[in-house]
Amino acid sequence: QFHMIKYEDLTSVKSLGQGSFTRIFKGCKTDIRDGEKHLTEVLLKELDVAHKNCWESFFEAASLMSQISHKHLLHVYGISVHGVKNIMVQEFVKYGALDLYLKRGRSVSVSWKLDVAKQLASALNFLEEKNIVHGNICAKNLLLAREGDPSQGSSPFVKLSDPGISVAMLGKDVILDRIPWVAPEVLEFPDNLTLECDKWSFGATVWEIFNNGNAPLRGWVLERKRRFYESFQQLPPSQWTELADLISQCMDYQAAFRPSCRSIIRQLNSLITSDYVILHATEPVTQ
Ligand SMILES: N#Cc1ccc(Nc2nc(N)cc(-n3ccc(CO)n3)n2)cc1
């Protein structure tokens, strides 16, 4: 399923913080190829010992990402197991998670945001064509490989990270905490993740991107989040109605009514050509 990497071929250089149930480190992987020693910069994602029993699901996520390759899907080199340590070895993506990048107050243009949304939609379209469910689409799992420079007209480049441990393995509280990214039907049937669930999460992620990385329903307690779904509420709509329409189509409580990836891409293309983009070249950063 995937490549096993020898622990002694890995060195971790610096801790980069916590994912959920994981710790991430910048590191190096050495391999010998045609008699030469090669050093590769990598991201080491180590499963918390407390969640050691989820190692199958953790590696299931890794194998999902290493069985398929696409320019907007993160490359996973393989895994390394050493005693209680379970480590996923990923390509190091230069600018890290998109939510943190946007929160750091980079003022990016509307077309920059649309470009990122389109790249995510094309990764989702690729997964849909292969009937593969990701299950954890969010800005934290979108990695920025290239910043793009509006003055040079060069565009950003993002890669979708691994989904991590599947929600089905995690407790009800973790699923509640993932409101509003997790589709409502997942609360009832956590074992039945469908392609439509990823569409719902796509909608919440586009909302995040257009709100400069600020999490929707930030700081809400679980009970309040649960009521948000029970009363069929929607996220506060963008003042750009066409964008708000796309987000609410994706976040339809009826899974079957959510648009196909092709329709999502088509709608993003027409947003990109709308005059709203020109009028709002660089939004003032609203923190
Ligand atoms: N300062 C800084 C900085 C931090 C990380 C990277 N690079 C990177 N490469 C990956 N392959 C994955 C990740 N992740 C970050 C969160 C998650 C959770 O999913 N992954 N970050 C680059 C700069």
Side-chain angles (χ1 to χ4, degrees), residues 2-3 5 9-29 39-48 50-51 54-55 57-80 85-106 108 116 119-120 123-124 127 132-148 156-167 169-170 174-175 177-178 181-182 193 198 201-202 204-205 208-209 212-215:
F2 36 60
H3 182 51
I5 294 165
D9 290 344
L10 297 172
T11 42
S12 94
V13 168
K14 152 171 148 187
S15 165
L16 291 174
Q18 318 270 341
S20 33
F21 316 110
T22 56
R23 288 184 303 161
I24 57 174
F25 303 86
K26 184 170 185 174
C28 259
K29 159 173 92 79
L39 272 180
T40 313
E41 200 178 45
V42 293
L43 188 285
L44 302 173
K45 191 177 266 192
E46 186 179 317
L47 180 62
D48 285 348
H51 291 92
C54 299
W55 66 272
S57 183
F58 181 65
F59 290 149
E60 185 67 37
S63 89
L64 178 140
M65 302 304 283
S66 41
Q67 272 161 23
I68 46 178
S69 82
H70 183 270
K71 61 182 180 176
H72 292 304
L73 287 181
L74 177 73
H75 179 66
V76 172
Y77 292 109
I79 61 161
S80 180
K85 283 179 185 279
N86 294 294
I87 298 165
M88 192 190 311
V89 184
Q90 304 181 345
E91 72 171 300
F92 185 79
V93 178
K94 190 160 191 276
Y95 298 95
L98 186 66
D99 67 325
L100 294 183
Y101 181 83
L102 290 173
K103 274 184 241 182
R104 270 186 221 119
R106 300 288 196 295
V108 290
V116 165
Q119 293 175 28
L120 174 55
L124 273 194
L127 292 174
I132 293 176
V133 179
H134 184 275
N136 195 5
I137 311 282
C138 58
K140 192 187 295 300
N141 281 338
L142 257 190
L143 306 169
L144 189 64
R146 192 178 65 216
E147 280 188 293
F157 197 90
V158 291
K159 293 185 173 239
L160 180 58
S161 182
D162 69 282
I165 301 169
S166 122
V167 276
M169 293 287 288
L170 302 166
V174 174
I175 299 177
D177 198 41
R178 285 200 186 166
W181 291 273
V182 67
L193 281 182
D198 284 342
S201 311
F202 173 83
T205 305
E208 262 186 295
I209 293 167
N212 299 311
N214 292 316

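A quick note: this is a predicted structure, and the numbers were derived from the prediction, not measured. Counting convention: from 1, in listed order, for ligands and their atoms alike.
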Asks: Hey, mind stepping through V93 and L43 against side chain to side chain contact (heavy atoms under 4.5 Å, CB included) and telling me if it holds?
Replies: CA-CA 8 Å; V93 178; L43 188 285; over 6 Å; no
Asks: Closest by any non-hydrogen atom to atom 11 (N) of ligand 1: pick that one out of K26, R104, K94, E91.
Replies: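 It is E91 whose heavy atom sits nearest to atom 11 (N) of ligand 1.
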Asks: Are any of the N/O atoms on K45, whether in the backbone or the side chain, positioned under 3.5 angstrom from an N/O atom of ligand 1?
Replies: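 Yes - when backbone and side-chain N and O of K45 are compared with those of ligand 1, one distance drops under 3.5 Å.
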Asks: What I'd like to find out is whether the side chain of Y77 reaches to under 4.5 Å of the side chain of V42, using heavy atoms alone.
Replies: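 They are in contact (side-chain heavy atoms under 4.5 Å apart), so the answer is yes.
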Asks: More than 12 non-hydrogen atoms from neighbouring residues, nucleotides or ligands closer than 6.0 Å to NZ on K29, yes or no?
Replies: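 Count over threshold, so yes.
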Asks: Among all the protein's non-hydrogen atoms, which is closest to atom 20 (N) of ligand 1, and how far away is it?
Replies: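 So the nearest neighbour among protein heavy atoms is L143 CD2, 3.8 Å.
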Asks: What closest approach, in Å, do I165 and M169 show between heavy atoms, and which atom pair accounts for it?
Replies: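 The pair with the smallest heavy-atom distance is CG2-CB, 3.7 Å.
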Asks: Among all protein non-hydrogen atoms, which one is nearest to atom 16 (C) of ligand 1, and what is the separation to 0.1 Å?
Replies: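 Its nearest protein heavy-atom neighbour is I24 CD1, 3.7 Å.
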Asks: Which option wins on minimum heavy-atom distance to atom 8 (C) of ligand 1: D99, L142, V93?
Replies: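 The option holding the nearest heavy atom is V93.
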Asks: Would you mind listing which atoms of ligand 1 come within a distance below 4.0 Å of any non-hydrogen atom of S161?
Replies: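 The list of qualifying atoms is 19 (O).
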Asks: Where is the nearest protein heavy atom to atom 10 (C) of ligand 1: which residue, which atom, and how far?
Replies: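 Sorting protein heavy atoms by distance from atom 10 (C) of ligand 1 puts L43 CG, 3.3 Å first.
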Asks: Any idea which atoms of ligand 1 are less than 4.0 Å away from a heavy-atom of L74?
Replies: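 Checking each atom against L74, I get 11 (N).
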Asks: What residue and atom, counting heavy atoms only, is the protein's closest point to atom 4 (C) of ligand 1, and at what distance?
Replies: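 The answer is L16 CD1, 3.8 Å.
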Asks: Once you round to the nearest 0.5 Å, how far does CE of M88 lie from CH2 of W55?
Replies: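 Between atom CE of M88 and atom CH2 of W55 there are 13.0 Å.
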Asks: Do Q90 and I24 come within less than 4.5 Å of each other through their side chains, counting heavy atoms only?
Replies: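 No; the side chains remain at least 4.5 Å from each other.
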Asks: Output yes when the distance from some N or O of ligand 1 to some N or O of A97 is under 3.5 Å, and no in every other case.
Replies: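 Min N/O separation from ligand 1 is not below 3.5 Å for A97.
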Asks: With a heavy-atom distance limit of 4.0 Å, tell me whether D162 approaches ligand 1 through its side chain, its backbone, both, or neither.
Replies: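 Neither part.
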Asks: Taking side-chain contact (heavy atoms from CB on, under 4.5 Å) as the criterion, tell me which of I137, D198, D99 meets it with T205.
Replies: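 When side-chain contact (heavy atoms from CB on, under 4.5 Å) is applied between T205 and each of I137, D198, D99, only I137 qualifies.
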